[in-house]
Amino acid sequence: MPEAVSKVRDFWTKELEPFRCEHPDLILLPECCDRFRNQSLQQYKDFCAQRNDATHQFFQEWASKQHCLLAYCANRFDSQGKYINAMRLIGRDGDLLAEYRKHFPTPWELEDANVQPGNDIPVISCELGRIGCAICFDLNFDSLFQTYSERKIDLLLFSSVFHGGWLQRTRAAMLQCFFLGAVSGERCSIWDPQGELVAESSNYIPRMTTQLNLDCRVVHYDGNFEKLDA
């Protein structure tokens with residue numbers, strides 16, 4: 001187990017290195033970010049039981065040292081022994097700001113790994129604005145995004161091993177917020193509140209950095225021409 005944890009730390013130390021000189025405010029990582037590619041669901045579950053909070057501690061150290069927010073997604077056992085798939089947002093000082101638990105695990109997660117669905121839909125208020133989260137299969141379900149739409153978020157963090165295609169831009173336009181999608185082995189994309197592509201990774205470089213203006217709103221022209229002119 002110490003060797004496996006060390007490999008995870010070495011991998012992400014290398015992958016995060018390019019961001020050090022860019023001084024980002026927020027980094028988002030894909031779903032199951034500490035799962036090895038050849039691990040089955042059961043093998044990953046066993047790994048999670050043994051590594052405890054080693055992954056979390058590593059990202060805490062990194063975020064604190066680089067003074068940035070970092071959101072990562074990994075499975076773990078909670079204090080009640082439930083096996084969950086969760087995204088955690090770490091603050092600039094390394095403290096845990098919030099946790100979102102996957103609401104809609106896939107059928108094989110439910111049946112083969114006994115992943116327990118989350119109940120709460122937290123909206124995280126921080127220096128960047130109001131943030132919502134979604135994980136993989138969640139992208140398919142309108143009820144989750146209807147809740148976020150009613151709560152008026154500025155940013156949606158999406159960690160996944162499933163890309164979702166047109167649903168990414170659809171959710172951005174539906175929520176009228178920025179959509180950050182970190183997808184393992186696929187294109188990672190950022191969409192603006194009108195569903196327009198802002199930035200995207202490629203097969204050459206599996207990451208991207210861009211600057212967003214979260215101080216914005218989508219409004220109808222009627223009644224707003226004078227404000228826009230001003």
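All values reported here derive from a predicted model rather than from experimental measurement.
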(Q) Tell me if the CG atom of D93 is crowded by more than 12 foreign heavy atoms within 6.0 Å. (A)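 Count over threshold, so yes.
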
Q | Enclosure of I205 CD1 (heavy-atom neighbours >12, cutoff 6.0 Å) | A |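 Open.
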
Q) Between D46 and Q42, is any side-chain donor less than 3.5 angstrom from a side-chain acceptor? A)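 Q42 and D46 do have a side-chain donor-acceptor pair below 3.5 Å.
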
Q: Return yes if a side-chain donor-acceptor contact under 3.5 Å exists between N114 and Q116, otherwise no.
A: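 Judged by distance alone, the side chains do pair up.
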
If you measure from the Lys or Arg side-chain nitrogens to the Asp or Glu carboxylate oxygens, is any gap between [X] and [Y] under 4.0 Å?
X: R51; Y: D34; answer: yes
X: D138; Y: R171; answer: no
X: E22; Y: R20; answer: no

(Q) Can you tell me how far apart CG (L197) and CG (D192) are? Round to the nearest 0.5 Å. (A)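 So the gap between those two atoms works out to 8.5 Å.
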
Q: Answer yes or no: is there a side-chain heavy-atom contact under 4.5 Å between C73 and Y100?
A: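 Not in contact.
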
Which word best sums up how the rings of [X] and [Y] line up, parallel for under 30°, tilted for 30 to 60°, or perpendicular for over 60°?
X: F47; Y: Y44; answer: parallel
X: Y221; Y: F225; answer: parallel
X: Y72; Y: H56; answer: tilted

Q.
A cation-pi test, strictly: NZ or CZ of K82 under 6.0 Å from the centre of the six-membered ring of F77 and no more than 45 degrees from its axis. Yes or no?
A.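 Negative - K82 is either too far from the ring of F77 or too far off its axis.
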
Q) Which one of F137, F162, F141 satisfies the ring pair (Phe, Tyr, Trp, His ring centres under 6.0 Å) criterion with F104? A)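 Result: among F137, F162, F141, F141 is the only option passing the ring pair (Phe, Tyr, Trp, His ring centres under 6.0 Å) with F104.
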
